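Structure record follows, encoded as structure tokens.
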Amino acid sequence: MLETYIDLVASAAAAYSRQNAHGMIKTAEDLARYERILAATTPELIIECGTWTGHSALWFGQHGCEVISIDVRAQLSNEVLKESSATFLRGSSTAPDIVRKVQRLASGMRTMVVLDSDHRAEHVAEEIRLYGPLVTPGCYLVVEDGIAEWMEHEVYSGPLHAIDQELSGNPAWRRDTTIEKISPVSMHPAGWWEKL
């Protein structure tokens, strides 16, 4: 599967310079994918691993979702602090105390999960194991930045390896290739997974 995505590097690299849509490091094409998913699945809650400036948490909240955003060292902008109603948790997304708190907050809610923190394969795989069970059937787990494996100076083991390990061939999940095909540009190749 990994070799299939090497061709996407050129188009994703072209999008890289224009990806700061709405203050986020996300392309307009990926935001269109998110909008389609949110409209189709109507999650009540989005759990976001990886906060950075908090603009994506703000954007998700503006689309009618409660948001829990987790980061070791978020750099929340003044705009986000003023306008967002998200719950921001400081700490590692894989720390037991953080996971327990998120489990409590998510209880009984229709939930989607977005993984955009540490992109090393072992960390992403652990996030999939910890947060995948919180995704409501019919909702999505989005593993962001699979393209990062080729954006560095050398190929490293990142999100696509975690996807291969935890999601590919897993009967609990369906890769949404229809969403992927909305555009040839994405920072998240093979990253759009529906919980069955």
Side-chain angles (χ1 to χ4, degrees), residues 1-43 46-60 62-63 65 67 69 71 93 112-121 123-125 127-128 131-132 135 138-170 173-196:
M1 180 178 84
L2 297 177
E3 293 78 16
T4 305
Y5 301 102
I6 293 174
D7 292 336
L8 292 176
V9 174
S11 62
Y16 190 78
S17 63
R18 62 178 174 76
Q19 70 176 334
N20 292 306
H22 304 279
M24 301 176 275
I25 301 182
K26 298 191 190 316
T27 64
E29 292 84 356
D30 285 328
L31 291 179
R33 290 177 175 93
Y34 273 119
E35 287 177 331
R36 185 174 291 192
I37 287 170
L38 293 173
T41 65
T42 61
I46 294 177
I47 299 168
E48 176 188 51
C49 296
T51 304
W52 194 46
T53 64
H55 279 91
S56 56
L58 176 61
W59 188 87
F60 286 130
Q62 290 169 340
H63 285 76
C65 302
V67 180
S69 189
D71 205 302
S93 59
M112 173 177 167
V113 170
V114 175
L115 303 181
D116 187 22
S117 63
D118 181 338
H119 295 317
R120 290 173 298 133
H123 184 83
V124 177
E127 286 181 330
I128 292 169
Y131 293 98
V135 177
C139 287
Y140 280 73
L141 169 68
V142 181
V143 182
E144 292 204 351
D145 294 325
I147 202 71
E149 297 190 27
W150 295 287
M151 299 300 285
E152 303 295 326
H153 295 294
E154 59 185 60
V155 175
Y156 73 102
S157 180
L160 290 177
H161 285 80
I163 288 168
D164 271 345
Q165 178 184 333
E166 299 295 328
L167 298 172
S168 295
N170 185 329
W173 298 96
R174 179 187 70 85
R175 178 178 162 194
D176 191 340
T177 55
T178 302
I179 287 291
E180 290 179 36
K181 291 176 183 175
I182 289 174
S183 163
V185 176
S186 179
M187 300 304 285
H188 322 314
W192 310 86
W193 293 81
E194 181 185 4
K195 182 80 166 284
L196 300 177

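The shown structure was predicted, so the numbers you read here are calculated from the model rather than taken from an experiment.
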Taken to the nearest 0.5 Å, the spacing of Asn170 CG from Ile163 CD1 works out to 12.5 Å
Identified side chain to side chain contact (heavy atoms under 4.5 Å, CB included) counterpart of Ile47 within the set Val113, Val114, Leu115: Val113
Testing the basics here: between Val143 and His188, what is the closest heavy-atom pair and its distance to 0.1 Å? O-CB, 3.8 Å
Close side-chain approach of Ile128 to Trp193, heavy-atom, < 4.5 Å: no
Looking at the rings of Trp59 and His55, which for Trp means the six-membered one, are their centres under 6.0 Å apart? no
Distance (rounded to the nearest 0.5 Å) between Met112 CE and Phe60 CZ: 5.5 Å
Restricting to side-chain contact (heavy atoms from CB on, under 4.5 Å), what partner residues turn up for Thr41, sequence neighbours left out? Ile37, Pro43, Arg110, Cys139, Tyr140
How far apart are the closest heavy atoms of Ala162 and Ala125, and which atoms are they? CB-N, 3.5 Å
Applying side-chain hydrogen bond (donor to acceptor under 3.5 Å, both in side chains), can you list everything that pairs with Tyr131, at least two apart in sequence or on another chain? none
Taking 4.0 angstrom as the limit, do Asp116 and Lys26 come out as a salt bridge? yes
For Leu160 against Ala190, the heavy-atom pair lying closest together: CD2-CB, 4.0 Å
Donor-acceptor contact below 3.5 Å, side chain Lys195 vs main chain Leu141: no
Between atom SG of Cys65 and atom OH of Tyr34, what is the distance when rounded to the nearest 0.5 Å? 11.5 Å
Option passing salt bridge (Lys or Arg N to Asp or Glu O under 4.0 Å) with Glu180 (candidates Arg175, Arg36, Arg33): Arg175
Closest heavy-atom pair and its distance - Thr51, Asp71: N-OD2, 2.7 Å
For Gln165, side-chain hydrogen bond (donor to acceptor under 3.5 Å, both in side chains) partners two or more places apart: none
Could you check whether any side-chain heavy atom of Ile147 comes within less than 4.5 Å of a side-chain heavy atom of Ser186, counting everything from C-beta outward? no
Using side-chain heavy atoms (C-beta onward) and a distance below 4.5 Å, is Trp173 in contact with Val135? yes
Shortest non-hydrogen contact between Pro159 and His119, atoms and distance: CD-O, 3.1 Å
Gap between atom CD of Glu166 and atom CD of Glu127 - 0.5 Å precision: 11.5 Å
Residues Asp30 and Val185: closest non-hydrogen pair is OD1-O, 4.3 Å
Hey, are the side chains of Trp52 and Ser69 touching, using non-hydrogen atoms and a 4.5 Å cut-off? no
Determine whether Ile25 and Asp145 make a side-chain contact, defined as any pair of heavy atoms from C-beta on separated by less than 4.5 Å. no
Measuring from atom CZ of Arg174 to atom CG of Asp176, what distance do you get when rounded to the nearest 0.5 angstrom? 4.5 Å
